[in-house]
Amino acid sequence: MRIDVLTVLPGLFDCFLKEGVIGKAISSGKVEVKVHNIRDFTTDKHRVVDDVPYGGGPGMVLKPEPIFRAYDELTKEGEKPYVLLTEPWGEKFNQEMAVELSKKPRLMIICGRYEGVDERVKSLVDREVSIGDYVLTGGELPAMVIMDAVLRLIPGVLGNLESLRADSFSDRGLLGYPNYTRPAEFRGMKVPEVLLSGHHKKIESWRKEQSLRKTLERRPEIIENLKRKGLLTKEELE
Ligand SMILES: N#Cc1c(-c2ccc3ccn(Cc4ccc(CN5CCOCC5)cc4)c3c2)n[nH]c1N
């Protein structure tokens, strides 16, 4: 997969693209992520990317020309990207969308800033996406959240953890099971016996039960949604 990111703050992506699982996936060539400074696609001496909003109002709006120039330049060759725009009121990002996006060969993520992008930029966009009902200062952190959730699903990115994590639980959006590591007792708090038993079938069913119980308690709508889609097995429903 290739992802092109358009932003006026490219520096925000430096650590994200160097560290951890994502950093390794990029350095090993499993995925390609290119961050482009929208300012590099301006044509004036002052490299202006924003302007005051027509009709008045607070703040500045990102101009359409530099973004369109970037899009035209980056789509001259190769497959057309599936274009995302991060927006406070976009379609809510979730695991289902992450799975769908992970199957695209090429993505482009346009990151707004200030009061957002000129409305005409949306003629380039396939999907306006929000990572939640709270207001951030720009679209870069949402772009990193989306890339993290999508890239971890690319085969080979999670490495040998992939097979272990191949359970369909987290990929169905169910909440995770409790994790423990040594010591077996810490400040009077003991690790559940089943996890010390070495009985893999019992451990697996305990973890499934814990995950379903936590999801039912905290996010019942996820269970309802999976039931409606027939994505819960008979024994999981019991
Ligand atoms: N994804 C995501 C996000 C974002 C996000 C994403 C992209 C941009 C680009 C600029 N901002 C700042 C911003 C703040 C407030 C407002 C509202 N005002 C706009 C003008 O009319 C009045 C109302 C707009 C823009 C962004 C925020 N926030 N929260 C998410 N889940």
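As the structure lists them, so they are numbered: ligands from 1, and atoms in each ligand from 1.
With Asp40 as the partner, the salt bridge (Lys or Arg N to Asp or Glu O under 4.0 Å) test is satisfied by one option alone out of Arg47, Lys34, Arg69: Arg47.
Closest heavy-atom contact between Arg127 and Tyr82: CD-OH, 3.0 Å.
For the residue pair Glu87/Ser130, the side-chain donor-acceptor check at 3.5 Å is not satisfied.
Using a cutoff of 4.0 Å between basic side-chain nitrogens and carboxylate oxygens, Arg113 and Asp50 are not scored as salt-bridged. Using a cutoff of 4.0 Å between basic side-chain nitrogens and carboxylate oxygens, Glu100 and Lys103 are not scored as salt-bridged. Taking a cutoff of 4.0 Å between a charged side-chain nitrogen and a carboxylate oxygen, Lys202 and Glu204 do not qualify as a salt bridge.
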Report all N/O contacts between ligand 1 and the protein shorter than 3.5 Å as a table of atom names and distances to 0.1 Å; if there are none, say 'none'.
from     : atom 1 : to     : atom 2 : distance (Å)
ligand 1 : 1 (N)  : Glu87  : O      : 3.4
ligand 1 : 1 (N)  : Val129 : O      : 3.3
ligand 1 : 18 (N) : Glu115 : OE1    : 3.4
ligand 1 : 28 (N) : Leu136 : N      : 3.0
ligand 1 : 29 (N) : Tyr134 : O      : 2.6
ligand 1 : 29 (N) : Leu136 : N      : 3.4
ligand 1 : 31 (N) : Ser130 : OG     : 3.1
ligand 1 : 31 (N) : Ile131 : N      : 3.4
ligand 1 : 31 (N) : Gly132 : N      : 3.4
ligand 1 : 31 (N) : Gly132 : O      : 2.9

